[in-house]
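Written out below as structure tokens is the structure these notes cover.
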Amino acid sequence: MVLRPVISKLLGKLVVLASSSPRRLEILHNAGLRFEVVPSWFKETLDKGLFKAPYEYAVETAKQKALEVARRMPFKHLKTPDIVIGADTIVTVDGKILEKPVDKDDAYRMLSSLSGKEHSVFTGVAIILCHEKENEEVDYQLIDFYEETKVKFADLSEDMLWEYINSGEPMDKAGGYGIQALGGMLVEYVHGDFLNVVGFPLNHFCKQLDLIYNQSTSSTDQECPSVHVSNSSSHATSTSTQPPPKMSTQFSHSTSSSTKRNSEPKPRPNSPSASQTHHTNDSPSFSPVHKVMKKNSNSEVGEGSWMLVNSLSKRIEIQSAELQDPEKATLPSTPSRGQAIELNVTEHEDGELKKEDLEQITELMDGFKASKALFTASELCIFDLLQSRPGLDAAQVAKEIKASVKGTERLLEACVSLGLLKSKDGMHHNPLYENADLAVRFLRSDAPFSLRGYIQHCNSTVWPLFSHLESAVREGTNQRERAFGKKSDDVFQDTYYNSQEVKLRFMKAMHSIAKVTGKAVATAFDLSNFKTACDLGGCTGALAYELTKAHPGLSVTVFDLPAVVEMSEHFYPQQKDNRVSFVAGDFFQDELPKADLYILARVLHDWPDEKVHILLTEIADAAAPGCAVLIAETMLDGQTPYSALQSLNMLVQTEGRERTASKYAEMLRKHRFGKTHVVHTKNFLDAVISIKIS
Ligand SMILES: O=c1[nH]cc([C@@H]2O[C@H](COP(=O)(O)OP(=O)(O)OP(=O)(O)O)[C@@H](O)[C@H]2O)c(=O)[nH]1
């Protein structure tokens with residue numbers, strides 16, 4: 001069994017599957033591979049028109065999925081993987097690429113186009129070997145390939161089609177079918193690797209591992225295995241894997257990961273450095289990222305991939321430098337030949353810009369209008385109205401909210417376009433409106449996870465502050481005085497003591513975020529060793545109640561300003577959990593309650609480093625060895641807009657900022673906390689825990 005010998009090579013290595021596909025997880029798990037699953041955040045939006053062949057699109061998407069995880073882990077998970085595996089499965093028929101259907105109608109369109117025909121299923125796979133070095137740089141070696149399988153569908157009747165679509169099975173599957181389940185009923189024959197259709201060409205993958213770990217170690221080279229970078233295709237009817245010329249492929253990007261994996265850093269293979277680029281005059285490469293790179297049509301595909309990797313490295317180096325220290329990162333003014341700066345807009349040969357080329361920039365430009373439409377509908381209580389009286393038309397809604405029909409009509413249609421409301425034809429095609437699922441779950445005032453409080457805070461406080469963002473950037477200070485005419489260097493003095501209404505609105509905002517994130521934070525780590533916790537700045541106790549629910553042996557003291565504590569019972573009038581108590585105080589001025597575990601949820605991001613160190617000193621003085629600090633924040637990762645925009649939010653609102661997990665680990669280390677672990681909760685917040693060493 002080719003995998004068996006390879007498995008032994010992988011033991012002790014951190015193997016990561018960068019996929020949320022349960023089928024891929026099952027295929028690799030059943031094959032005996034042991035790995036962690038870290039779903040990729042890469043948005044599968046590459047422009048298909050830029051790829052000369054469908055499999056190139058699948059391979060490039062697989063690469064981007066794997067690279068995103070390989071780059072993120074040192075920051076988000078404080079560890080560098082040894083191997084990251086990414087995959088992407090597509091279906092092609094009549095020259096079109098079919099991915100996962102967006103809705104039932106799309107599934108119908110896909111399956112109808114497959115009915116009675118033979119089609120191809122391509123799965124692109126990327127394997128990234130990560131080599132962490134002495135100076136915390138990481139070398140990446142990229143191996144990619146694809147597998148094609150031919151599948152023929154029987155002629156499908158309309159009943160059969162809708163019966164299958166209504167089963168729900170098509171919705172998370174390429175081409176809208178699952179061959180391994182009900183979808184098998186649609187299939188007349190399969191020529192090629194069945195598992196490739198399901199989502200992972202296991203046999204081809206094993207052969208690649210064999211190439212990497214067995215054939216290369218037979219060479220005298222004791223350094224990192226030199227890898228075959230190949231886009232070798234194994235067609236359904238015959239396998240034509242011609243290994244390309246042997247090469248070592250690598251690029252590097254620096255990481256500030258504060259924890260070293262226990263494996264010895266591997267020597268850098270003697271290969272061209274990332275800064276060297278090769279230029280050829282051959283046909284343009286196929287990837288939007290590498291528009292300035294040329295694919296060398298003379299050499300084996302591997303050569304092309306090497307340049308592909310090389311140009312990727314340039315982009316990654318630039319971005320990681322930014323992450324390291326924005327002041328030092330110098331981006332080239334314009335993409336020079338051989339330098340891969342991601343081009344979001346594709347100028348076609350004739351210079352014409354197509355609508356889809358501008359979609360991304362238009363979405364960004366219009367983002368504020370969408371936010372304001374949501375805030376306005378929430379302020380006008382439209383979601384609560386339609387929850388109690390679904391099916392109203394614009395005139396009826398306008399009457400209830402005491403607004404113009406014209407304006408209400410526009411707002412309702414905007415909310416439908418944003419997926420917040422649904423509409424159906426009433427009498428004389430007059431649309432009738434009701435809440436969409438998002439509104440039911442998050443926008444009603446009485447929803448268990450209502451975000452209405454946070455939305456009110458965004459509309460009344462964040463929005464005016466962001467309108468002075470340019471001043472905030474120029475001055476490096478919050479914009480409270482410009483936005484509200486109040487000079488206040490203390491956000492909380494201003495919020496909690498100057499107005500009862502402002503205080504309540506802010507607490508509702510913090511409460512709604514804590515309700516949505518509380519369970520994820522409370523269950524991020526095993527806290528069974530701790531008996532007492534102190535939730536510093538715990539506001540309404542939303543997280544505290546989740547902690548006592550998740551950890552029966554834990555009691556939690558919420559320590560917050562007097563003005564907050566006096567209001568907290570307003571949020572839980574019926575609460576009888578005697579393991580949660582409230583103590584009034586100022587954590588910068590008063591002695592902290594004694595506890596085994598100190599919790600800081602969305603607190604440190606309000607303060608500059610020097611204030612954070614003051615607070616951590618207080619905690620370190622109060623905490624005995626073995627005690628812990630649990631920090632819940634949105635960790636900067638250089639990838640998702642959410643954390644970066646949150647950091648801008650802190651600029652306009654406070655003296656604080658968002659930080660990376662490794663920055664928090666470094667700050668904690670200065671106060672004798674260590675053994676730091678981070679969990680990315682897939683929620684608004686990530687969680688970091690660190691134990692008092694001495
Ligand atoms: O017969 C089957 N065909 C396809 C599938 C599943 O379809 C998806 C393909 O989508 P993708 O490659 O984008 O993978 P995702 O599920 O989105 O996960 P990633 O996180 O890796 O993007 C895939 O899950 C196949 O397994 C099937 O099940 N049967």
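Computed over heavy atoms, backbone and side chain alike; hydrogens, waters and symmetry mates excluded. Counting convention: from 1, in listed order, for ligands and their atoms alike.
The aromatic rings of F153 and Y177 lie perpendicular to each other, with more than 60° between the two planes, well past the 30° mark.
Ring centers of F442 and F449: at least 6.0 Å apart, outside the cut-off. Taking the six-membered ring for Trp and the full ring otherwise, the centers of F145 and F205 sit at least 6.0 Å from each other.
The pair R109-D105 fails the salt-bridge criterion, with no side-chain N (NZ, NE, NH1 or NH2) lying under 4.0 Å from an Asp/Glu carboxylate O. Between R23 and D172 a salt bridge is recorded (basic side-chain N to carboxylate O distance below 4.0 Å).
Under the rule for a ring pair (Phe, Tyr, Trp, His ring centres under 6.0 Å), the partners of Y57 that lie at least two apart in sequence or sit in another chain are F51.
Near ligand 1, heavy-atom contacts under 4.0 Å come from S19, S20, S21, R23, R24, E44, K65, A87, D88, T89, K100, D172, K173, A174, Y177, G178, I179, Q180, V197, V198, G199.
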